[in-house]
Amino acid sequence: MSGILTRIKDKLKSYRVPGYRTKFDYKWTMVVDLDRCSGCEACVVACYAENNLPVVGKRDCDVSRRFSWIRIERYVEGEYPDVKVKFIPIMCQHCDTAPCEIGCPVYATYHNQDGLNVQVYNRCVGTFTCATYCTYDVRRFNWFTYKWDAPLEQQLNPDVTVREMGVMEKCTFCIQRIRVAKDTAKDEGRKVTDGDMQTACMQSCPTDAITFGDMNDPNSKVSKLAKSPRRYRLLEELDTDPSVIYLKRVMDDKKGSGNGHGSSHG
Amino acid sequence: MKNLIIYIITAVIFVVTLGVGYLIADQYLGRAPEQPINFSHRIHAGDNEIPCMYCHSYAERARVSGVPNVQRCMGCHKIIKTDSPEIQKVAGYWDRKEPIPWIKVHNLPDHVVFPHKRHVKAGRKCQECHGPVETMDVVKRIAPLKMGWCLKCHGKYDVKNGRECWTCHT
């Protein structure tokens, strides 16, 4: 059994760009500090604005055709006086061994040299396989060609394509901003460092819960944050090797908040 | 009689195909639309040897090369050849404070990012894509501007990540 798994893994790796992670410059990574996340959904709004996501309306939301590339999952634990609410923003995890990449019959989703899992819209024929294979339910399908009402098409981001019916799409880690940052860095003859670019969700986050950067650079903010003991990745046991790292929310485990600390030790 | 109808139908299909082909060809290869002002690149860039980037000044620092504004035209033509009827048309736009509605000859689809800056800084000549503009009276598109045509160069020269989809596509 383990032999087969190893063989599958080797095969997956052979599909990748050769020399990935050593030959190329960047490994884009996002760190989400759940201790800071207040669940305000500013990132969701920013993502809609940045990436030309259509607002599909109530009817389509009811049949789970909502379009947010990033969503906030809410977990409520406990009964009323002792309620704990946890929020987890979930976007495309840009897995290194991505399940979606195996499924695509037309090679529309693949891993690029920066460690990004990217979707080529022009290749996509809409078989929905990648969304079925996706472990995190982050892929969104264009069921219709969505239209923007009269003044709203003026706010569309010119750097991002407006997708049409029958195309799968997902979070790109704001690749258009990465491209601009790389362009500027190339002019100045250096590599992209922290502060050169922000993703839309990171930029809008009021509590700075989201950090984005290059994992290959040992001095970048994300590399330092990734060493935190609170670090974990979603469904890591499935061996998808995601590029999004979450920092666990540490909550006081006391029962009965009025009694002060240490009451749970009994 | 039956044969005649078949001949007529064949002829109509033939003419329609030719017409559609002509329209498509006009849109793409060899596209040379008539501009609002009979501007000659041959006189400016060829005979008078004005460098491309004197007018298309954004080519070396932005994604688009930029159509020069009317002020750039009037900078010279306030003095030079003011009696020509074409220059008076330009002066008319200047007086009315209107931009000249130039027609785009090289138009890329929206899902393609083509930074002029990167190509100019890599040492590519304008003429490699735009053809010998300095000999043209009316600018004509000589390149097909298709992806295969792009990749010809991206294969020939050592372009970093040059064959990667998301380098050019959004």
Side-chain angles (χ1 to χ4, degrees), chain A residues 16-20 23-26 28 50-52 92 94 101 104 106-124 153 156-164 167 169-189 191-192, chain B residues 24 27-28 52-53 56-67 69 99 102 104 106-126 129 143-155 157-170:
Chain A
R16 216 84 22 80
V17 181
Y20 165 59
K23 190 170 150 197
F24 294 102
D25 296 344
Y26 303 105
W28 299 113
E50 172 75 19
N51 292 306
N52 300 342
C92 176
H94 292 268
E101 288 170 18
C104 186
V106 290
Y107 206 57
T109 177
Y110 72 101
H111 228 76
N112 83 345
Q113 77 288 336
D114 289 351
L116 295 179
N117 177 290
V118 287
Q119 176 80 15
V120 185
Y121 303 129
N122 279 357
R123 278 185 191 160
C124 181
E153 85 275 3
L156 291 176
N157 188 349
D159 293 342
V160 181
T161 327
V162 177
R163 281 81 51 185
E164 286 185 349
V167 170
E169 59 184 67
K170 62 168 193 71
C171 165
T172 58
F173 270 175
C174 286
I175 196 164
Q176 68 278 7
R177 295 184 177 204
I178 297 178
R179 186 183 292 127
V180 172
K182 274 184 176 173
D183 203 40
T184 322
K186 199 171 183 179
D187 283 345
E188 293 164 13
K191 281 180 76 173
V192 178
Chain B
I24 291 173
Q27 285 291 310
Y28 299 104
C52 304
M53 268 171 253
H56 302 285
S57 55
Y58 305 111
E60 55 184 346
R61 52 193 158 99
R63 185 190 289 179
V64 292
S65 62
V67 174
N69 47 23
W102 297 109
K104 220 173 168 185
H106 295 80
N107 203 0
L108 280 174
D110 284 347
H111 60 271
V112 182
V113 179
F114 178 84
H116 272 87
K117 176 170 89 168
R118 280 272 78 82
H119 292 82
V120 171
K121 286 201 172 171
R124 300 273 72 79
K125 294 272 176 300
C126 308
C129 299
L145 301 186
K146 299 268 184 206
M147 195 173 111
W149 173 79
C150 293
L151 284 176
K152 248 189 242 166
C153 265
H154 276 220
Y157 303 108
D158 181 30
V159 186
K160 196 174 187 190
N161 307 336
R163 298 181 76 84
E164 151 63 39
C165 305
W166 279 79
T167 303
C168 308
H169 290 290
T170 53

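Below, all heavy atoms of this structure are taken into account, side chains as well, without hydrogens, waters or symmetry copies.
- Panel note: side chain B:W166, backbone A:Q176; no donor-acceptor pair is recorded below 3.5 Å.
- You'll find the side chain of A:D183 reaches within 4.5 Å of the side chain of B:R118, heavy atoms only.
- Taking A:V162, A:V160, A:T172, A:I175 one by one and counting their heavy-atom pairs under 4.5 Å with chain B, the maximum is reached by A:I175.
- For the residue pair B:H111 and A:N122, a side-chain donor N or O sits within less than 3.5 Å of a side-chain acceptor on the partner.
- The minimum heavy-atom distance linking A:R179 with B:C168 is given by the pair NH2-C, 4.5 Å.
- The residues A:D187 and B:K121 are annotated as salt-bridged, a charged nitrogen and a carboxylate oxygen being separated by less than 4.0 angstrom.
- Both the backbone and the side chain of A:V120 come within less than 4.5 Å of a heavy atom of chain B.
- Atom CG of B:N107 sits in a crowded spot, with more than 12 heavy atoms from other residues, nucleotides or ligands closer than 6.0 Å.
- For B:Y58, the OH atom counts as loosely surrounded, since its 6.0 Å shell holds 12 or fewer non-hydrogen atoms of other residues, nucleotides or ligands.
- Here the side chains of B:R63 and A:D159 are in contact, with some heavy-atom distance below 4.5 Å.
- Within the 4.5 Å cutoff, the side chain of B:N161 has heavy atoms near those of the A:K182 side chain.
- Residue-environment remark: CE (B:M53) exceeds the threshold of 12 foreign heavy atoms within 6.0 Å.
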